[in-house]
Amino acid sequence: MKTLKDAKVGETLKVLKVHGQGPVRRRIMDMGITKGVEIYIRKVAPLGDPFELNLRGYELSLRKADAEMIEVE
């Protein structure tokens, strides 16, 4: 299982599933990260946290802890 945490800068990935439960999962989905969405990894901070992503026409910063809950292909 590959997660968003394992992605490299410059990759475009498709979301397969959002793991987690309750308010954490809902927050991730409210940010627009849902099944089938394509995410472009724009850059990663020097220490690996956070990720800067492009999806649905906007930019989003996401923590590493949240990125490992997102299964991608």
Side-chain angles (χ1 to χ4, degrees):
M1 175 178 87
K2 182 177 179 181
T3 64
L4 195 58
K5 180 182 172 187
D6 305 323
K8 305 289 182 228
V9 174
E11 284 186 305
T12 300
L13 304 162
K14 187 174 182 180
V15 176
L16 294 177
K17 185 174 182 180
V18 178
H19 295 277
Q21 53 185 316
V24 175
R25 184 171 190 249
R26 169 57 43 202
R27 184 173 54 82
I28 291 171
M29 293 177 75
D30 286 344
M31 288 188 276
I33 301 172
T34 56
K35 183 179 178 181
V37 169
E38 289 193 354
I39 298 176
Y40 173 73
I41 313 300
R42 189 158 172 253
K43 58 183 167 179
V44 179
L47 297 176
D49 199 17
F51 292 87
E52 190 170 307
L53 315 170
N54 281 16
L55 66 137
R56 296 184 188 256
Y58 69 94
E59 295 177 0
L60 175 70
S61 291
L62 192 68
R63 295 183 318 218
K64 205 186 295 187
D66 294 335
E68 67 186 347
M69 291 184 207
I70 303 165
E71 186 178 339
V72 294
E73 66 174 352

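- Both Ile70 and Val24 are members of a single hydrophobic cluster when ILVMFWY side chains are connected at heavy-atom separations under 4.5 Å.
- The one candidate from Leu53, Ile39, Leu55 that meets the side-chain contact (heavy atoms from CB on, under 4.5 Å) condition with Leu62 is Leu53.
- Taking the side chain as every heavy atom from C-beta outward, Val44 and Asp49 never approach each other to under 4.5 Å.
- Residue Glu59 places its CD atom among more than 12 non-hydrogen atoms of other residues, nucleotides or ligands, all under 6.0 Å distant.
- Ile41 has its side chain out of reach of Thr12: every pair of non-hydrogen atoms, C-beta onward, lies at least 4.5 Å apart.
- When all heavy atoms are compared, the tightest approach of Arg25 to Gly20 is CD-O, 3.3 Å.
- Criterion: ILVMFWY side-chain heavy atoms under 4.5 Å apart, direct or through other members. Under it, Val37 and Leu13 are part of a common hydrophobic cluster.
- Between Glu71 and Lys35, every side-chain heavy-atom pair lies at or beyond the 4.5 Å cut-off.
- Each of Leu16 and Val72 belongs to its own hydrophobic cluster when Ile, Leu, Val, Met, Phe, Trp and Tyr are linked at side-chain heavy-atom distances under 4.5 angstrom.
- Crowding of Lys43 atom NZ: a count of heavy atoms from other residues, nucleotides or ligands under 6.0 Å not exceeding 12.
- Looking at Asp66 and Lys5, no side-chain N of the basic residue comes within less than 4.0 Å of a carboxylate O on the acidic one, giving no salt bridge.
- Between Gly10 and Tyr40, the shortest heavy-atom distance links the atoms O-CE1, 3.4 Å.
- Between Glu73 and Lys17, no side-chain nitrogen of the basic residue sits less than 4.0 Å from a carboxylate oxygen of the acidic one, so the salt-bridge criterion is not met.
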